[in-house]
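All residue numbers in this chain count up from 1 along the given sequence.
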Amino acid sequence: MTPIPDDLIRHLQQVRHLVIFTGAGVSAESGIPTFRDAQTGLWAKYRPEQLASPEGFHADPQTVWDWYAWRREKCLAAEPNAAHLAIAELERRLPRVTLITQNVDGLHQRAGSSAPLELHGNIHHLKCFACRRDGGDWPDDVRTIPRCRCGGRMRPAVVWFGESLPETVLGAAAEASQHTDLFLSIGTSSLVYPAAELPFLAKRHGAFVVEINPQPTPLSARADLCLQGAAGEVMAALLATNT
Ligand SMILES: [Zn+2]
């Protein structure tokens, strides 16, 4: 088992507001490939922008829709892993936890997390490409793109290349990061801005910042503690210290 340093155990026992920030590494441990790793087979011939940008959807909505239908199937077939479950259990045990995720697969909710701040949206939800109205869940017939009552096409409610992060979600994430005393960055490369700024923001506002990732990242030099390892393994070990 991964040894958890005493100072982290102490911080977790005394934490008032824990912020947990997750990235693609957490999903990968459930078998969900990253965007680029998923671009295999018949998808390999496309540039990422053709599959995940407003221009790409405008040019060829059916191809983009099919790509997301395929990726959504992979998310539905995946199961939450030990990291998702440990995070949900910490939410139940601790007085205040804010979960911020860059993942769109909905696995945190399936593990029992109530309201993660989804910086990049959620692949299981739709919104109108024209008027942005909430489009609810996917239809039973996943091959056909549903229409909004404005006449526009529905698209997955995820953030595409060239789009901004949802302002209220990013605002809430920044607010939590400024007021946390313990910030855990889990399975994220810390390369994609503005999300990657959050642990640095927490650090500047006095939080104890812990990075959990198999490899070093740009955050490693600034974090108070770096635990190199798989998210599921480290989080299960951390949870076991909090009895
Ligand atoms: Zn509409």
Side-chain angles (χ1 to χ4, degrees), residues 20-24 26-28 30 32-39 43 46-78 80 84 87 98-176 188 192-196 198:
I20 299 176
F21 175 53
T22 64
V26 173
S27 294
S30 283
I32 295 177
T34 63
F35 190 95
R36 275 166 211 277
D37 288 344
Q39 265 198 278
W43 303 111
Y46 296 101
R47 287 177 291 108
E49 294 77 14
Q50 288 179 285
L51 298 174
S53 74
E55 295 77 16
F57 189 77
H58 185 73
D60 186 352
Q62 192 66 49
T63 294
V64 174
W65 181 264
D66 290 347
W67 159 252
Y68 279 97
W70 179 72
R71 296 209 71 200
R72 174 176 168 268
E73 281 302 316
K74 296 235 177 269
C75 297
L76 290 172
H84 296 109
I87 290 165
T98 300
L99 172 59
I100 306 166
T101 186
Q102 299 168 87
N103 302 332
V104 300
D105 47 52
L107 286 176
H108 281 302
Q109 291 92 327
R110 281 174 55 200
S113 289
S114 55
L117 297 171
E118 296 179 304
L119 293 175
H120 295 157
N122 186 311
I123 199 170
H124 304 292
H125 297 149
L126 303 177
K127 66 179 179 184
C128 176
F129 184 62
C131 75
R132 295 167 185 264
R133 183 180 285 128
D134 188 324
D137 299 334
W138 284 60
D140 293 335
D141 170 17
V142 297
R143 285 282 308 150
T144 307
I145 307 176
R147 292 275 181 173
C148 177
R149 61 172 181 259
C150 81
R153 286 186 175 87
M154 288 295 174
R155 53 164 281 189
V158 297
V159 176
W160 280 340
F161 295 110
E163 293 184 318
S164 306
L165 272 55
E167 216 170 288
T168 50
V169 179
L170 183 59
E175 171 77 14
T188 171
V192 184
Y193 278 81
L198 293 171

Chemist: Provide the closest heavy-atom pair for Ala195 versus Leu119 in the form atom of the first, atom of the second, distance.
Modeler: CB-CD1, 3.7 Å
Chemist: So Ile87 and Ser113, do their side chains get closer than 4.5 Å, heavy atoms only?
Modeler: yes
Chemist: If you look at every heavy atom in Leu170 and Pro194, which pair is closest and at what distance?
Modeler: CD2-CG, 3.9 Å
Chemist: With sequence neighbours excluded, give me every ring pair (Phe, Tyr, Trp, His ring centres under 6.0 Å) pair touching residues 109-154.
Modeler: Phe57-Phe129, Trp65-Trp138
Chemist: Which heavy atom in Ala52 sits nearest to a heavy atom in Trp160, and how many Å separate them?
Modeler: O-CB, 3.2 Å
Chemist: If you compare all heavy atoms of Leu51 against all heavy atoms of Val64, which two are closest, and at what distance to 0.1 Å?
Modeler: O-CG1, 3.3 Å
Chemist: Determine the minimum heavy-atom distance between Leu126 and Asp137, stating which atoms define it.
Modeler: CD1-O, 3.5 Å
Chemist: Step by step, work out the side-chain contact (heavy atoms from CB on, under 4.5 Å) result for Cys75 and Ile32.
Modeler: CA-CA 7 Å; Cys75 297; Ile32 295 177; 4.2 Å; yes
Chemist: Out of curiosity, Thr22 OG1 to His84 NE2, how far, rounded to the nearest 0.5 Å?
Modeler: 6.5 Å
Chemist: Would you call the rings of Phe161 and Phe35 parallel, tilted or perpendicular, where under 30° means parallel and over 60° means perpendicular?
Modeler: perpendicular
Chemist: How many angstroms lie between CG in Leu76 and CD1 in Ile123, if you round to the nearest 0.5 Å?
Modeler: 8.5 Å
Chemist: For the backbone of Pro33 and the side chain of Arg71, can you confirm whether one donor and one acceptor N or O come within less than 3.5 Å of each other?
Modeler: yes
Chemist: Closest heavy-atom contact between Arg132 and Lys127?
Modeler: O-CB, 4.1 Å
Chemist: Working to the nearest 0.5 Å, report the span between CG of Asp66 and CH2 of Trp43.
Modeler: 5.0 Å
Chemist: Could you tell me whether a side-chain N or O of Glu163 sits under 3.5 Å from a main-chain N or O of Pro54, the two making a donor and an acceptor?
Modeler: no
Chemist: How many angstroms lie between atom CG of Asn122 and atom NE2 of His108, to the nearest 0.5 angstrom?
Modeler: 11.5 Å
Chemist: Hey, which of Asp105, Leu99, Thr101 is the one that makes side-chain contact (heavy atoms from CB on, under 4.5 Å) with Glu118?
Modeler: Thr101
Chemist: Just by distance, do the side chain of Gln62 and the backbone of Arg143 share a donor-acceptor pair under 3.5 Å?
Modeler: yes
Chemist: Can you tell me how far SG of Cys128 sits from CE of Met154, rounded to the nearest 0.5 angstrom?
Modeler: 5.5 Å
Chemist: Rounded to the nearest 0.5 Å, what separation is found between the CD1 atom of Ile100 and the CG atom of Asn103?
Modeler: 12.5 Å
